[in-house]
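Here's the structure we're looking at; comments come further down.
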Amino acid sequence: MKTLRRDPLVRGLGLASAALGVPQVARPADVARGIGVTAGPRQRTATLAVGVRELAAAGGLLARPHPVWLWGRVGGDIVDLTLLTRALRRHDGRGLGRTALATAAVAALTAVDVYAAVTRTGRGSETTLTATTTVSTSPEETYAFWRRLEGLPTFMAHLEEVRRTGESTSHWRASAPFGRTVEWDAEVTEDVPGSLLVWRSLDGADVDNGGEVRFSPAPGGSGTEVRVTLRYAVPAGALGRAVARYFGEEPSQQLDDDLRRFKQAVETGEVVRSEGAPAGKRARGEFPQHPARPLTPKELKETLS
């Protein structure tokens, strides 16, 4: 996951696992004595097992970070705390202070691991959004406009880039709440020119998502009815939705706004916005509205950048 790979806390925890794991594997008896525990066979074996687990977590968090490695650290922390607590209860008094200090340090690290795992885990709460608009162009023209995936960021406010990577695959990058960026690879799974386009994200996506766009002749031959359905897993479940809504990132409103801009783009060839939103995609809370006008060349460049 590319976002987690750039996450300083996740990388820091990966480096911490490596720093803890190497001495535990290389010199388990010395580590056991260092935390005030008798270096008997059982203690050395337990220390070695903890070291192997730490190195596995380090490899996962640094090479291919995923929330499962964070939760693995949490589980390991619980085991470590259990072993240290048992050692404190059965302690003979020699090195007791070191054992107590090690227990406190593991407890503090556990709190950090729990925070990292909870805040960086999508809880599988899937959201489905639908929106519809009618445009004056034919289904074939409307489909062709949407099918040029590289052009989607011109009217989808949170999309920063869509880049084709193959006949039916592409790479997407989008902005997310609180200044974060998410990326994923996607593939078109069903493509009926002038009628239907279906896609889904591939394994390893920062946010699992998929959707479809249907293009149907509007009643009375007045153009095309465009119906969009989006499905994606919301990070942090209901809490994530509530916080995002509070900060102006309401998904259903986003989709409605995107379709409004799509209608402008497909019918006029450009996105029209109010003078009250001079910052383009960076505007999130524009309230004053003025008569709409086309983007200036400079503003259009900002919007596409």
Side-chain angles (χ1 to χ4, degrees), residues 122 125-176 181-235 241 244 249-273 280-281 300 303-304:
S125 174
E126 186 173 272
T127 291
T128 300
L129 305 175
T130 60
T132 304
T133 190
T134 300
V135 299
S136 61
T137 52
S138 68
E140 290 73 23
E141 292 174 287
T142 309
Y143 160 87
F145 190 96
W146 194 294
R147 187 64 178 84
R148 191 175 66 85
L149 300 179
E150 298 90 335
L152 295 180
T154 62
F155 60 86
M156 289 189 163
H158 285 72
L159 275 183
E160 296 181 359
E161 179 189 27
V162 179
R163 184 179 72 253
R164 283 182 181 270
T165 57
E167 178 95 19
S168 61
T169 58
S170 51
H171 182 78
W172 300 54
R173 186 175 75 247
S175 59
T181 300
V182 293
E183 299 187 40
W184 66 91
D185 291 311
E187 69 171 347
V188 173
T189 59
E190 192 171 355
D191 189 353
V192 182
S195 178
L196 176 66
L197 192 63
V198 183
W199 71 92
R200 67 176 180 88
S201 61
L202 299 176
D203 291 343
D206 288 342
V207 177
D208 291 333
N209 67 92
E212 66 178 42
V213 187
R214 294 185 178 274
F215 308 90
S216 306
S222 57
T224 303
E225 183 179 273
V226 181
R227 181 176 180 82
V228 180
T229 301
L230 298 180
R231 292 175 293 276
Y232 61 95
V234 181
R241 290 196 298 273
E249 305 284 351
E250 167 55 47
S252 60
Q253 184 60 52
Q254 289 175 23
L255 184 56
D256 288 339
D257 291 344
D258 287 344
L259 280 187
R260 174 177 52 80
R261 286 185 290 268
F262 171 72
K263 178 178 174 67
Q264 294 172 353
V266 75
E267 292 181 345
T268 69
E270 57 188 351
V271 175
V272 179
R273 75 160 186 266
K281 291 186 178 184
L300 180 59
T303 301
L304 297 177

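The figures here come from the full heavy-atom set of this structure, side chains too, leaving out hydrogens, waters and symmetry mates. For clarity, every value in this text was computed on a predicted model and none was experimentally measured.
- In this structure, CD on Gln253 lies 10.0 Å from CG on Asp258, to the nearest 0.5 angstrom.
- Inter-residue side-chain proximity for Glu161 and Pro153 is flagged as unmet; no heavy-atom pair is nearer than 4.5 Å.
- Of all non-hydrogen atoms in Thr224 and Thr137, the two that sit nearest each other are OG1-O, 2.6 Å.
- Within the model, atoms CG of Asp256 and CG of Leu129 stand 9.0 Å from one another, a figure rounded to the nearest 0.5 Å.
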**Prompt:** Step by step, would you call Trp172 with Leu152 a side chain to side chain contact (heavy atoms under 4.5 Å, CB included)?
**Reply:** CA-CA 10 Å; Trp172 300 54; Leu152 295 180; 3.4 Å; yes

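- The salt bridge (charged side-chain N to carboxylate O under 4.0 Å, His left out) test applied to Asp257 returns Arg260, not counting sequence neighbours.
- Taking both residues in full, the closest heavy atoms of Thr181 and Arg173 are given as CG2-CG, 3.3 Å, listed atom of the first, atom of the second, then distance.
- Closest heavy-atom contact between Tyr143 and Leu196: CE1-O, 4.2 Å.
- The minimum heavy-atom distance between Thr142 and Val266, with the atom names listed, is CA-CG2, 4.4 Å.
- Applying the salt bridge (charged side-chain N to carboxylate O under 4.0 Å, His left out) rule to Arg164 yields the partners Glu150; only residues at least two apart in sequence or on another chain are considered.
- Residues forming a side chain to side chain contact (heavy atoms under 4.5 Å, CB included) with Thr169 (at least two apart in sequence, or on another chain): Thr165, Glu187.
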**Request:** Run the numbers on Asp191 and Arg147 for side chain to side chain contact (heavy atoms under 4.5 Å, CB included), then give the verdict.
**Result:** CA-CA 9 Å; Asp191 189 353; Arg147 187 64 178 84; 2.9 Å; yes

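- The distance from the CG atom of Leu255 to the OG1 atom of Thr130 is 7.5 Å, given to the nearest 0.5 Å.
- Using a distance-only test at 3.5 Å, with no hydrogens or angles considered, a donor-acceptor pair links the side chain of Glu267 to the main chain of Ser136.
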**Message:** For a side chain to side chain contact (heavy atoms under 4.5 Å, CB included) check, start with the C-alpha distance between Val188 and Leu197, then their side-chain angles and the critical distance, and finish with the verdict.
**Reply:** CA-CA 7 Å; Val188 173; Leu197 192 63; 3.8 Å; yes

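- The two residues Gln264 and Thr268 come nearest to each other via the heavy atoms O-OG1, 2.5 Å.
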Let me check something: any side-chain donor-acceptor pairs from residues 210-218 under 3.5 Å, sequence neighbours excluded? List them with distances.
unit_1 : atom_1 : unit_2 : atom_2 : d
Glu212 : OE2    : Arg214 : NE     : 3.0

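- Arg163 contributes atom CZ, which lies 12.5 Å from atom CG of Leu149 (distance to the nearest 0.5 angstrom).
- For Glu190, there are no salt bridge (charged side-chain N to carboxylate O under 4.0 Å, His left out) partners two or more places apart in sequence or in a different chain.
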**Request:** Report the C-alpha distance between Asp208 and Trp184 in whole Å, list the side-chain angles of each, state the deciding distance to 0.1 Å, and finish with yes or no for side chain to side chain contact (heavy atoms under 4.5 Å, CB included).
**Result:** CA-CA 8 Å; Asp208 291 333; Trp184 66 91; over 6 Å; no

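- Under the rule for a ring-ring contact (aromatic ring centres under 6.0 Å, His included), the partners of Phe145 that lie at least two apart in sequence or sit in another chain are Phe262.
- Remark: Arg227 CZ to Thr132 OG1 distance equals 4.5 Å, nearest 0.5 Å.
- For the pair Thr134 and Lys263, the tightest heavy-atom approach, listed with the atom from each and the gap, is O-NZ, 2.6 Å.
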